[in-house]
Amino acid sequence: MFAEINGIRMAYTDEGEGSPILFIHGFPLNRRAWSGQVEAFKPRFRVIVPDLRGFGESGSSEGAVTMGRFADDIRALIQHLGLGQVILVGHSMGGYIALAFAKAHPAQLRGLVLVGTKAGMDSPEAAKSRRASAAKVQREGPLALVEAMAASMLSGPDAGGRRVAAVRACMVPASTEGITGALLGMAMRPDSWDVLDALRAPTLVVAGAEDAVIPPGESEALAKAIPNAHLRLIPKAGHLVAVDQSAAFNVVLREWLAGACQDQRQEGI
Ligand code: MLT
């Protein structure tokens, strides 16, 4: 499906009925990265999964795309669909966007799930390296970056290369504008520690125990800083935990949705 959102044509999946759960993909992925969750949760929930600006089948725009701008797109999609409060699930860059959303629109959150992400901003060196990657992608196109990142997203060896091929499929077609815009936007993002303490929505923090891109210690720090957060580390899973260990990830999310998320809502937290 497509909607006109803040000047771009945004592609999204919208399946199932019930309380809305909106999944935000990471960088440089697209909504296919959440296919295993669409299938698992659509029998009980309304599952919405957009392609972010510049990724998948969505249109792109010129220049840096800040996490706040991505969050504004998510908010506009929620309004377009008349969803009201949502449970927001963000992976990695999608987590940075979910935290920007939580800061701007706390009343819109029914629950928050932060997956393989972190609250800190880039160090000056990391920001410089992102700007250099953006310049390289502008010169040479997105393929080299996609190839290098696909292999780093999973845990353990991939003898036949089939799992990496599946990850690659979740990364194309990311446009040059999409990749450079997100890299420049991530390089300039502020840290989100102030958002965590103010979070009142029930929150689940999940990471792959073998995440080599954003180490699980970052999730431990997030969970410590968020009042009443639940932390789950999934064994034998890398950065793209919901693809790498899809079944285990779905069990963790389902349990939290049925337990902690429900309980805290009943207590009015
Ligand atoms: C992601 O998976 O979204 C990225 O690795 C996040 C980042 O580069 O900070």
Side-chain angles (χ1 to χ4, degrees), residues 22-34 37 49-56 58 64-71 73-74 88-101 113-137 142 144-155 163-164 166-172 174-175 178-193 205-208 210-219 221-222 234 237-246 249:
L22 194 151
F23 290 84
I24 312 176
H25 64 77
F27 172 90
L29 296 149
N30 59 52
R31 69 192 197 277
R32 289 176 71 165
W34 294 114
Q37 287 62 53
V49 195
D51 278 337
L52 293 171
R53 176 181 291 264
F55 295 90
S58 285
V65 184
T66 62
M67 301 304 105
R69 186 164 191 205
F70 281 127
D73 289 345
I74 298 296
L88 203 56
V89 184
H91 168 247
S92 200
M93 181 180 80
Y96 310 157
I97 297 166
L99 288 171
F101 184 98
V113 183
L114 298 169
V115 187
T117 192
K118 61 184 174 188
M121 62 197 287
D122 281 0
S123 65
E125 298 73 38
K128 191 171 165 201
S129 152
R130 284 205 208 269
R131 287 192 291 270
S133 298
K136 186 166 190 277
V137 169
L145 179 133
V146 162
E147 286 300 322
M149 283 200 74
S152 70
M153 294 257 166
L154 300 171
S155 62
R163 292 160 66 229
V164 172
V167 173
R168 207 179 291 122
C170 299
M171 292 183 165
V172 286
S175 65
I179 289 189
T180 55
L183 281 169
L184 298 175
M186 283 193 280
M188 63 172 66
R189 77 188 190 283
D191 80 42
S192 296
W193 292 110
V205 180
V206 193
E210 296 173 16
D211 189 334
V213 177
I214 297 184
E218 296 282 0
S219 288
L222 272 177
I234 298 186
H239 185 54
L240 197 48
V241 48
V243 171
D244 206 1
Q245 293 294 344
S246 188
F249 177 86

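The first residue in the sequence is number 1, and the count goes up from there. Start at 1 and go down the list; that is how both ligands and their atoms are numbered.
Residue Lys118 has no N or O atom closer than 3.5 Å to an N or O atom of ligand 1. Of the N or O atoms in Met93, one or more lie within a sub-3.5 Å distance of an N or O in ligand 1. Below 3.5 Å of separation, one finds an N or O of His239 facing an N or O of ligand 1.
Of all atoms in ligand 1, numbered sequentially from 1 with element shown, those under 4.0 Å from a heavy atom of Tyr96 are 6 (C), 7 (C), 9 (O). Under a 4.0 Å criterion applied to the non-hydrogen atoms of Gly26, ligand 1 contributes the atoms 3 (O). Near Ser92, meaning under 4.0 Å from any of its heavy atoms, are these atoms of ligand 1: 1 (C), 2 (O), 3 (O), 4 (C), 5 (O), 6 (C). Close approach of ligand 1 to Val213 (heavy-atom distance below 4.0 Å) involves ligand atoms 5 (O). Per-residue contacts place Phe27 under 4.0 angstrom from the following atoms of ligand 1 (heavy atoms of the residue considered): 1 (C), 2 (O), 3 (O), 4 (C).
Using a distance-only test at 3.5 Å, with no hydrogens or angles considered, a donor-acceptor pair links the side chain of Asn30 to the main chain of Cys170. Checked by atom type and distance alone, the side chain of Asp244 pairs as donor or acceptor with a backbone atom of Ser155 at under 3.5 Å. The closest donor-acceptor contact from the side chain of Asp191 to the backbone of Ala119 lies at 3.5 Å or more, if one exists at all. Under the 3.5 Å distance criterion, the side-chain polar atoms of Arg130 are left unmatched by any main-chain donor or acceptor of Ala127. The backbone N or O of Val205 lies less than 3.5 Å from no partner atom in the side chain of Ser219, so there is not a single donor-acceptor pair.
Taking the six-membered ring for Trp and thresholds of 30 and 60 degrees, Trp34 and Phe23 have ring planes inclined between 30 and 60 degrees apart. Ring pair Phe27/Phe55 is perpendicular by interplanar angle, where above 60° counts as perpendicular and below 30° as parallel.
Of the heavy atoms in His25, none comes closer than 4.0 Å to ligand 1.
Here the protein heavy atom with the shortest distance to atom 8 (O) of ligand 1 is Arg130 NH1, 2.8 Å.
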